[in-house]
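Since we're looking at a predicted model, the values are computed, not measured.
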Amino acid sequence: MLLRNILVASLAVCVSSPFVSAWTFSNATLAINERSGTLETRPFSMSVPLQEVISLPSSALARLRFTVKSDLTPDTNNKPHQAYAIIEDPVTKLESSFAVDVRENGRARVDIDYKTIPTALLGPNKPLTVTIVLASFGTESPLKIEIGQIQPVYNGPAPAGPIRFGPKPEIIHIFRADSKFVSSTVALFFSSIVVFVAIVLLGSWLYLGAMPSKLLTALASSPSGHLGFFTSIVAIEIAFFNYYVGSTIFNLIAQVAVLAPIAFLSGSRALREVRSRRLKGEW
């Protein structure tokens, strides 16, 4: 877009030279087309531009058709290297350019769709000047000629002004809200359930015939099994508690990954020791 605007500007500067342009066009028409068909068609020429402002509805496009001719090579090459249709706001001098498709025989066409017109050029009662620019390399002088005006129909609010460089209001980013802990009532309720289950478990052991006096015997028979299993279970509970009060899930996964194998191996040894005493009737 920037390169195209620079080329168009350079062509416009070249037009100011005192030489007469070698490019001309004829059989020119401007038609307003919608999906339903052609709304209107207006002819124009280099000497007689459009006399009235042509209205362009928001669902239509302005279709330019004309035949280009080079006075230097009329029979061999009627296709310029650069061909543009420029729409310009005569008040603000803002403009937008549309490339013209030109065939080797000089037949040219360009469609100015309402949807492609920059919003800076739209506004109520804001006619836009339409200009055709034709130019090539070499000794041929370029052509820049105004052919008339179009009025895009605009019923919306006035477009906002261009964005200027300068200080902007401070932007405060909040990537994640502060963590919210469970209420103390809910925490106490579930803690009470855990304590109750532990009491029921101990009572069931006593009811089934477990003898607390055999605790020292069990520790002496397999200290690594019983102490390791009990210690690993307590450590896992502490890891979950740390996660609850503010640790990350990654720390919890790493800790459980280390403690779980220890609990499995030590628990297996403890169960083998208990099984051996049960077979001896010492349970």
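The hydrophobic clustering, which links ILVMFWY residues whose side-chain heavy atoms are closer than 4.5 Å, places L134 and V110 together. Taking hydrophobic clusters as Ile, Leu, Val, Met, Phe, Trp and Tyr residues chained together by side-chain heavy-atom distances below 4.5 Å, F44 shares a cluster with L39. Hydrophobic clustering (ILVMFWY, side-chain heavy atoms < 4.5 Å, transitive): V130 and L121 are in one cluster. The hydrophobic clustering, which links ILVMFWY residues whose side-chain heavy atoms are closer than 4.5 Å, places I233 and Y243 apart. Hydrophobic clustering (ILVMFWY, side-chain heavy atoms < 4.5 Å, transitive): V194 and V200 are in distinct clusters.
Side-chain atoms of S222 and R272 form no donor-acceptor pair, as typed in the model, at a separation below 3.5 Å. Checked by atom type, the side-chain pair T248/N251 shows a donor-acceptor distance below 3.5 Å.
The CD atom of Q149 lies 10.5 Å from the CD atom of E88; values are rounded to the nearest 0.5 Å. The CG atom of L271 sits 9.5 Å away from atom OG of S266, with the distance rounded to the nearest 0.5 Å. Going from atom CD of E104 over to atom NZ of K79 covers 5.0 Å, rounded to the nearest 0.5 Å. Between L128 atom CG and L122 atom CG the span is 7.5 Å, to the nearest 0.5 Å. Within the model, atoms CD1 of I87 and OG1 of T131 stand 10.5 Å from one another, a figure rounded to the nearest 0.5 Å. Separation of atoms OG (S96) and CD1 (I86) is listed at 9.5 Å; rounding is to 0.5 Å.
Residues R269 and G225 come closest through the heavy atom pair CB-CA, 3.8 Å. The two residues T41 and A31 have their closest heavy-atom pair at OG1-CB, 3.6 Å. Taking all atoms of both residues into account, the shortest heavy-atom contact from Y84 to S97 is CD2-CB, 4.2 Å. The minimum heavy-atom distance between A108 and V102, with the atom names listed, is CB-CG2, 3.8 Å. Shown here for K144 and V133, the closest heavy-atom pair between the two residues is CG-CG2, 3.8 Å. For the pair L143 and F25, the tightest heavy-atom approach, listed with the atom from each and the gap, is CD2-CD2, 4.0 Å.
Remark: R63 pairs with D111 by the salt bridge (charged side-chain N to carboxylate O under 4.0 Å, His left out) rule, at least two apart or across chains. By the side chain to side chain contact (heavy atoms under 4.5 Å, CB included) test, P49 is found to be paired with Q51, residues two or more places apart in sequence or in another chain being considered.
Between the side chain of S70 and the backbone N or O of N78 there is no donor-acceptor pair closer than 3.5 Å. The backbone N or O of L56 sits nowhere less than 3.5 Å from a side-chain atom of Q151 that would complete a donor-acceptor pair. In this structure, the side chain of Y114 engages the main chain of V153 through a donor-acceptor pair within 3.5 Å. No donor-acceptor pair closer than 3.5 Å links the side chain of D89 to the backbone N or O of L94. S232 contributes a side-chain N or O that, together with a main-chain N or O of F229, makes up a donor-acceptor pair within less than 3.5 Å.
The side-chain heavy atoms of F98 and T116, taken from C-beta on, include a pair separated by under 4.5 Å. With contacts defined as side-chain heavy-atom distances shorter than 4.5 Å, the pair L30/L50 qualifies. The shortest side-chain heavy-atom distance between F189 and I193 falls under the 4.5 Å cut-off. Under the 4.5 Å side-chain criterion, counting only non-hydrogen atoms from C-beta, T24 is in contact with M46.
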Report the C-alpha distance between V68 and V100 in whole Å, list the side-chain angles of each, state the deciding distance to 0.1 Å, and finish with yes or no for side chain to side chain contact (heavy atoms under 4.5 Å, CB included). CA-CA 11 Å; V68 178; V100 179; over 6 Å; no
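Screening T29, N27, I132 against F66 for a side chain to side chain contact (heavy atoms under 4.5 Å, CB included) leaves a single residue, I132.
Crowding of F230 atom CZ: a count of heavy atoms from other residues, nucleotides or ligands under 6.0 Å not exceeding 12. Counting non-hydrogen atoms of neighbouring residues, nucleotides and ligands closer than 6.0 angstrom, the CZ atom of R107 reaches no more than 12 such neighbours.
Pairs passing the salt bridge (charged side-chain N to carboxylate O under 4.0 Å, His left out) check and including a residue from residues 41-56, sequence neighbours excluded, read E40-R42, R42-E52.
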